[in-house]
Amino acid sequence: MNLEIRAKRPFKFHSVISSHGWSALAPFVWNAETGALQRTEMLTSGRVVLLTLRESKNGIAVTVRGRVNQRERQELMEKIAWMFSLDLDLNEFYAAVANEPRLAHVQREAHGRFLRSSTVWEDVVKVMMTTNIQWSGTKRLVRVLVETFGAPYQNGGDGIPDAFPSPEPIARTRESRLRKLGLGYRSPYLLQLARGVVSGKYDLDALKDFTRPTDEVRKALLALPGIGPYAAATLLMLLGRYEFLGVDTEALSSVSRGFYGGKPIGEKEVQAAFARWGKFKALAYWFWDWDKS
DNA sequence: TTCCAGGGGTAGA
DNA sequence: TCTACCCATGGA
């Protein structure tokens, strides 16, 4: 089955793909040569389908492999619209940074949409897997979680990853098993998170509610096991809220070089350097052109 | 071998 | 609110 989903302009498929590292994490498979993003997706019915997404004239062209009914088709359209922030209006951001040379490229490149997973649960887990680890390790841990707990695409096929696991199979496992998979001290955090989601203690979908103030959403994120200031800021950014900056070791070094002449700085200095961008702080930092002076 | 990563939790001030 | 310290694992 083929679908086309329209995007609010300006929209560039590749800008979303390259927005951050998510397209390299299972069950996403990005093929730069063909320009196709593949993803194995489990629907709420439990059915697992294979999606292939490409840029189209007005948005995204979707190929679905696997039978879906009308309701599942609607679910897929909504999930894809969420993953690519197709309804996001970035014009206020572009206007706010129009006079900043180091952000001159953002409108031209249609920057500002971050590739998201189809559920907040998956994004929370993935952000947790980026903490205190190198990117190669993040990719490995996510792949191991998908291989161990994910639901397979029934129609088979070589090299097609399983769908990202729902919280249930992880909630049923033991901490020792997660440790054996290499998650280290993240193991109890992931286990508590999965069990809390299954029990209803944590309502992750409620974090998408844009009528809630950002501070409230941030507090809810910080209350999750294994989610601290950095992870909460990163997740807020993925949720379309840009007031907070996720300060990691990379931010410390690039802001030190770009704003403080290379002298050692702390988180405060990073926040101060981008304070002027207000509610677009995270966007300004993320797309800052460090090569321009 | 040592250091540390796209940090978080906790205790103590 | 801020700091010091510990935490598991694998890459460099």
Nearest-Å distance for atom pair [atom1]/[atom2], residues [X] and [N]:
X	N	atom1	atom2	answer
A:L221	B:dG8	CG	P	11 Å
A:W135	B:dC4	CH2	P	23 Å
A:L245	B:dG7	CG	P	13 Å
A:M237	B:dG6	CE	P	15 Å
A:Y230	B:dC4	OH	P	19 Å

request  = Name all residues meeting the side chain to side chain donor-acceptor pair (under 3.5 Å) criterion together with A:S45; count only those two or more places apart in sequence or in a different chain, and write none if there are none.
outcome  = A:E72
Check: A:F84 ring centre within less than 6.0 Å of A:F13 ring centre = yes
Within the 6.0 Å centroid threshold, strictly below: A:F259 and A:F274 = yes
task = Could you work out which one of C:dC2, B:dG6, B:dG8 sits closest to the side chain of A:T131?
result = B:dG8
List every contact pair, protein side and nucleotides 8-12 of chain C side both N or O, where the distance is under 3.5 Å.
unit_1, atom_1, unit_2, atom_2, d
C:dA8, OP1, A:R179, NH2, 3.4
C:dA8, O5', A:R179, NH1, 3.3
C:dA8, O4', A:Y185, N, 3.3
C:dA8, N6, A:N132, ND2, 3.4
C:dA8, N1, A:N132, ND2, 3.3
C:dG11, O4', A:Q134, NE2, 2.9

task = Assign A:A251 to base, sugar-phosphate, or nothing according to its heavy-atom contacts below 4.0 angstrom with the strands shown.
result = nothing
[M] and [N], which share atom name [atom1], separated by this distance in whole Å:
N	M	atom1	value
B:dG9	C:dG10	C1'	22 Å
B:dC4	C:dC6	P	16 Å
B:dC3	C:dA8	C1'	15 Å

Dump every N/O contact between nucleotides 9-12 of chain B and the protein below 3.5 Å, one line per pair.
unit_1, atom_1, unit_2, atom_2, d
B:dG9, OP1, A:G226, N, 2.9

task = Check whether any side-chain heavy atom of A:L145 lies under 4.5 Å from a side-chain heavy atom of A:V142, and answer yes or no.
result = no
ask   = Out of A:E267, A:E269, A:K268, which one pairs with A:Q271 under the side-chain hydrogen bond (donor to acceptor under 3.5 Å, both in side chains) rule?
value = A:E267
